[in-house]
Amino acid sequence: MILAAQLSDTHFDLTPRNTERVERVMAYLADLPRRPDVILVTGDITDSGKPEQYAEARLALRADIPVCLLPGNHDDRTTFRTELLGEPASDAPINSVHRVGPLTVLMLDSSVPGEPGGLLAEETHAWLADALAEAPDGPILIALHHPPRPVASPVVDVIALAEPARLAAVVAGDPRVIGVLTGHAHSPIATTFAGKPMITCPSTASVLGGEWEVTLPHKVMDYAPDPAVALHVIDETNTLTTHFRTVAMGGWLAEPPI
């Protein structure tokens, strides 16, 4: 069994609140009896792409297991590279491949500099083709920030992934791909894309309502709920099972409160 934890939309913004929420989630993961093999963070690491916000993220997301990150629409590619990855400055897409035992995770940069919506650049499609050609025969997860299909959110659906058909053909055509992981929607969502599971991770920072909850432009984001995380299990049959877990800011209670 492989256990992959997914955080998303941490929105480090130089205030204690969002940092403390991520620290609580990281502590929860570190204290699990069976700890994750990898932690995936699917975009909007910061709220506005400032170097100081990435410095916050770098400290709060430290772990003694691999932590793999990709940018979202609130991030800045150049600063993401220099501050989080320690790489030379560049505004090219940030795509990466990670191997966790038999599992391959392909993290695709769907951000478009200066735009809230997503798009996979031509060079990202070329990178994905090469990465799939080089990947072993084990299970593959594809992760990106923007959902490639509607998720019944009047806020997110208009700034989701544009032109998803090309990605859909890849996902449907490769039997090794067992699922697609996304962020952006600030809500735990399970659906399908190209005949495979599509799991959207909740945000550690806030919850974005569905179309049955949102009243634009004011009642959109709920900051009251505790942070949450997705826990993906890949079993010996290469089947993906996901548990969503709310992480209480007050910690663990072994007995019901009186």
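The model shown is predicted, which means the values in this text are computed figures rather than measured ones. Computed from heavy atoms alone, side chains included, the values below leave out hydrogens, waters and symmetry copies.
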Undergrad: Using modelled atom types and a 3.5 Å cut-off, is there a donor and acceptor pairing between side-chain atoms of Asp75 and backbone atoms of Thr46?
TA: yes
Undergrad: Which pairs would a plain distance check flag for residues 57-72, meaning a side-chain donor or acceptor within less than 3.5 Å of a matching protein atom at least two apart in sequence or in another chain?
TA:
residue : atom : partner : partner atom : Å
Arg58   : NH1  : Glu83   : O            : 2.8
Arg62   : NE   : Leu59   : O            : 3.1
Asp64   : OD1  : Arg35   : NH2          : 2.5

Undergrad: Other residues, nucleotides and ligands only: do more than 12 of their heavy atoms fall within 6.0 Å of NZ on Lys196?
TA: yes
Undergrad: Could you tabulate the donor-acceptor pairs under 3.5 Å formed by side-chain atoms of residues 120-127, not counting sequence neighbours?
TA:
residue : atom : partner : partner atom : Å
Glu122  : OE1  : Arg166  : NH1          : 2.9
Glu122  : OE2  : Arg166  : NH2          : 3.0
Thr124  : OG1  : Asn95   : ND2          : 3.1

Undergrad: Using a 3.5 Å distance criterion without hydrogens, assess whether the side chain of Arg81 forms a donor-acceptor pair with backbone atoms of Pro88.
TA: no
Undergrad: Taking side chain to side chain donor-acceptor pair (under 3.5 Å) as the cut-off, I'd like each qualifying pair that reaches into residues 103-121, sequence neighbours left out, listed once.
TA: Arg77-Asp109, Arg77-Ser111, Arg99-Thr104, Asp109-Ser111, Ser110-His146
Undergrad: Can you list the residues that meet the ring-ring contact (aromatic ring centres under 6.0 Å, His included) rule with Phe80, with sequence neighbours excluded?
TA: Tyr54
Undergrad: Determine whether a donor-acceptor pair (N or O, by modelled atom type, separation under 3.5 Å) exists between the side chain of Ser203 and the backbone of Ala205.
TA: yes
Undergrad: Without swapping roles, check the side chain of Arg149 against the backbone of Phe193 for a donor-acceptor pair under 3.5 Å.
TA: no
Undergrad: Looking only at atom types and distance, does a side-chain atom of Ser90 sit under 3.5 Å from a main-chain N or O of Ala92, one as donor and one as acceptor?
TA: yes
Undergrad: Looking only at atom types and distance, does a side-chain atom of Asp157 sit under 3.5 Å from a main-chain N or O of Ser153, one as donor and one as acceptor?
TA: yes
Undergrad: Applying side-chain hydrogen bond (donor to acceptor under 3.5 Å, both in side chains), name anything that partners Thr19, two or more places apart in sequence or on another chain.
TA: none
Undergrad: Can you list every pair that meets ring-ring contact (aromatic ring centres under 6.0 Å, His included) and has a residue in residues 18-42, with sequence neighbours left out?
TA: none
Undergrad: Can you check whether His11's main-chain N or O pairs, donor with acceptor, with Asn18's side chain at less than 3.5 Å?
TA: yes
Undergrad: For Gln6, check side-chain hydrogen bond (donor to acceptor under 3.5 Å, both in side chains) against everything at least two apart and list the hits.
TA: Thr42, His232
Undergrad: Among all residues two or more places apart in sequence or in another chain, which pass the side-chain hydrogen bond (donor to acceptor under 3.5 Å, both in side chains) test with Thr241?
TA: none
Undergrad: Kindly state each residue pair satisfying salt bridge (charged side-chain N to carboxylate O under 4.0 Å, His left out) with at least one member in residues 245-258, sequence neighbours excluded.
TA: none
Undergrad: Enumerate the salt bridge (charged side-chain N to carboxylate O under 4.0 Å, His left out) contacts for residues 215-244, please, sequence neighbours excluded, ordered by first and then second residue.
TA: none
Undergrad: Output every pair passing salt bridge (charged side-chain N to carboxylate O under 4.0 Å, His left out) with a member in residues 129-140, not counting sequence neighbours, ordered by first then second residue.
TA: none
Undergrad: With sequence neighbours left out, write down each residue that passes side-chain hydrogen bond (donor to acceptor under 3.5 Å, both in side chains) with Thr239, or none if nothing qualifies.
TA: Thr237
